[in-house]
Amino acid sequence: MMYIKKIPFTLAALGGDVTIPTLDGDVSLKIPAGTEPHTVMSLKAKGMPRLEGRGRGDMKVIVEIDMPHKLSAEEKKLLQQLDQLWRAKK
């Protein structure tokens, strides 16, 4: 069983928790700082029941990064400042 979760790029960079719907209800999934697009994470025993009737499979969560399409002037300014900090480190 697979689920695609879109997260903002800030959450991908900083890390945090997201809510994932499962067959048993919502569960929390920790997103590590620096998560890359299309990262696949597993929720143990949260997938479909096994055919043999023993337990359940894992649920796979594919992380997609939601990039903003329009930025306010303040958001653009903040990202430019961050870009300058990153370039200064190289």
Side-chain angles (χ1 to χ4, degrees):
M1 189 161 138
M2 294 175 54
Y3 182 77
I4 297 173
K5 179 66 178 180
K6 275 191 163 189
I7 62 171
F9 76 98
T10 51
L11 180 60
L14 299 171
D17 295 322
V18 295
T19 301
I20 305 295
T22 71
L23 297 174
D24 299 322
D26 292 347
V27 297
S28 182
L29 177 65
K30 183 174 179 57
I31 303 293
T35 296
E36 297 283 335
H38 309 292
T39 296
V40 179
M41 305 175 96
S42 292
L43 293 173
K44 289 268 187 210
K46 294 295 182 186
M48 298 296 290
R50 296 190 188 275
L51 293 177
E52 316 84 56
R54 290 188 212 138
R56 296 169 81 164
D58 295 346
M59 181 176 178
K60 301 295 184 186
V61 178
I62 301 169
V63 178
E64 288 190 357
I65 310 301
D66 189 18
M67 295 299 290
H69 297 284
K70 292 185 179 180
L71 297 172
S72 69
E74 182 180 7
E75 291 168 332
K76 188 173 182 176
K77 182 179 176 185
L78 289 170
L79 283 174
Q80 287 170 336
Q81 290 173 355
L82 181 59
D83 182 54
Q84 288 174 354
L85 284 173
W86 283 347
R87 289 174 191 260
K89 289 199 301 189
K90 291 184 178 182

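All values reported here derive from a predicted model rather than from experimental measurement.
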Gap between atom [atom2] of [Y] and atom [atom1] of [X] - 0.5 Å precision:
X     : Y     : atom1 : atom2 : value
Leu82 : Lys77 : CG    : NZ    : 14.5 Å
Glu64 : His38 : CD    : NE2   : 6.0 Å
Lys60 : Ile4  : NZ    : CD1   : 14.5 Å
Thr35 : Leu11 : OG1   : CG    : 7.5 Å
Met41 : Ile31 : CE    : CD1   : 4.5 Å

Heavy atoms from other residues, nucleotides or ligands near [atom1] of [X] exceed 12 (cutoff 6.0 Å):
X     : atom1 : result
Met1  : CE    : yes
Leu51 : CG    : no
Glu74 : CD    : no

Met48 and Val27: same hydrophobic cluster, using ILVMFWY side-chain contacts below 4.5 Å?
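Both belong to a single hydrophobic cluster.
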
Do [X] and [Y] have side chains that get closer than 4.5 Å, going by heavy atoms?
X     : Y     : value
Phe9  : Leu79 : yes
Ile20 : Tyr3  : yes
Lys46 : Leu23 : no
Leu29 : Leu43 : yes
Lys76 : Leu78 : no

[X] side-chain N/O to [Y] backbone N/O, donor-acceptor pair under 3.5 Å:
X     : Y     : value
Thr22 : Asp24 : yes
Arg56 : Gly47 : yes
Asp58 : Ala45 : yes

On a heavy-atom basis, which atom in Ile65 and which in Ala12 lie closest, and how many Å separate them?
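Heavy atoms only, the tightest pair is CD1-CB, 3.4 Å.
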
Looking only at heavy atoms, which two atoms of Glu36 and Thr39 are closest? And how far apart?
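Taking every non-hydrogen atom into account, O-OG1, 2.6 Å.
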
